[in-house]
Amino acid sequence: MSTIMNNDDSMPKHQGEQLRVCMLSYSFYDTDNRVMRYAEALARRGDTVDVLALGHEANTHRQIDGVNVYYIQKRVHDEKRKISYLLKILTFLFKSALIVTKKHFQAPYDIIHVHSVPDFEVFAALIPKLLGAKIILDIHDPVPDFFSAKFGYPEKSIYYRLLKAIEWASALLADHVITVTDYWRNRIKERSRIADNKISVIVNYPDLSKFHIPTELAEKALNKTSFTILYPGTLNAHCGVDLVVKAVKVLENRIPKIRFDIYGSGTEQNTLKKLVKDLNLEGSVVFHNPVPFNKIPLLMAEADMGIALLAGQSKYARQALNVKLFEFLAMGVPVVASRVESIEYYLGQDTVMLSSQNDVEDIARCIETLYNDPQKRAALRAHGFDYVKKNNSQTEMTKYIAIIEALSRK
């Protein structure tokens, strides 16, 4: 089995004065590899990087790989109603605004990189911007579309129109906007009237210094007797984990020792556990707590197959792009993904196993095909390696550093 290795020597070197950068992210830094990659890329070149993020305990501080991480708010994924979700976000907005402003007065930041969801978190950096800091708005998920999929309201609703207005105002305040796919770049650029040179794409490609297969695990994978399917991620409705559970039920008598490991938490967790119980699959579907980001590559290396589905009828469900998809490819793990526009834009049938969206029987067919056809698994693995050799975090971070350098010169 071939593997991919990479190191950080290819990362861009410092071309000017060291910068002070603050990142605001309504997420858990330890498991948010997109935020982590940005922060580590800057810290490696000698910049001072502070991150204000969520934590399992509030008001704590750690230094991780040269990055100062401040956990300013505790969060539990338990919101089912829009108001509870909004109140938590607003609390983070006010806390992060106070802290970043205080820190900016103590030692001014050159760049403040705000990660959305939500878009309006960018207003936490308003006072530092007025005092000279440059602002990046990084749209991980386009908020109008993400919330439409999460809570089920249509594009003509007042909620959707309000979120579009917030996106426009947030982009207007920012000095540069980043998003995750070419499709979302074009859509956000058009509806928020962003200049072409003010918006860029940084795809969630894997960091090959972290996602590579140790030789001993590669050999162990070859000798496995059971068939393990892995999903590590947030348990939201659009992720389609329930479809995989139902597919396991279809296959329980056709694939001996089939096992579906789920690592994560989210609003659908209790619903999924009830589904597993109702289908009498407790022995085949196993739930695990979320694990730190640095544990994910080991979990992937020991899996036989990965899951990166998109489910639902919304536009978001056809245009999102699961970061774990590319990480599975880097780890040599065949992936079943949904046949949707966003995935087919980047990957073809020769690189991932594409299933019809929202189709349990077709998902089961894809899983069974990979189980029965080792040559198919090997071909997908080889094409996946070829793809991530050319498309990885190191290449994307070169683009990010160029954006940072351009903003710092203004």
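With sequence neighbours excluded, the residues forming a salt bridge (Lys or Arg N to Asp or Glu O under 4.0 Å) with Arg34 are Asp138, listed by chain and number. Among residues two or more places apart in sequence or in another chain, the salt bridge (Lys or Arg N to Asp or Glu O under 4.0 Å) test is passed with Glu396 by Lys399. Evaluation of the side chain to side chain contact (heavy atoms under 4.5 Å, CB included) rule for His61 yields Asn68, Tyr70 as partners, not counting sequence neighbours. Partners of Lys198 under the side chain to side chain contact (heavy atoms under 4.5 Å, CB included) rule, at least two apart in sequence or in another chain, are Ile194, Ala195. Remark: Phe146 pairs with Tyr316 by the ring pair (Phe, Tyr, Trp, His ring centres under 6.0 Å) rule, at least two apart or across chains. Partners of Ser116 by side-chain hydrogen bond (donor to acceptor under 3.5 Å, both in side chains), not counting sequence neighbours, listed by chain and number: Asp119. With sequence neighbours left out, the ring pair (Phe, Tyr, Trp, His ring centres under 6.0 Å) criterion links Phe260 to no other residue. The salt bridge (Lys or Arg N to Asp or Glu O under 4.0 Å) test applied to Arg62 returns Asp30, not counting sequence neighbours. Under the side-chain hydrogen bond (donor to acceptor under 3.5 Å, both in side chains) criterion, Tyr205 pairs with Tyr387, not counting sequence neighbours. Looking at residues two or more places apart in sequence or on another chain, you find a side chain to side chain contact (heavy atoms under 4.5 Å, CB included) between Ala97 and Ala124. Applying the side-chain hydrogen bond (donor to acceptor under 3.5 Å, both in side chains) test to Lys274 and every residue at least two apart in sequence or in another chain returns Asp278. In terms of the side chain to side chain contact (heavy atoms under 4.5 Å, CB included) criterion, residue partners of Val323 (sequence neighbours excluded) are, by chain and number, Asn33, Asn204, Glu327.
Listed for the Asp47 side chain is a donor-acceptor partner under 3.5 Å among the backbone atoms of Leu19.
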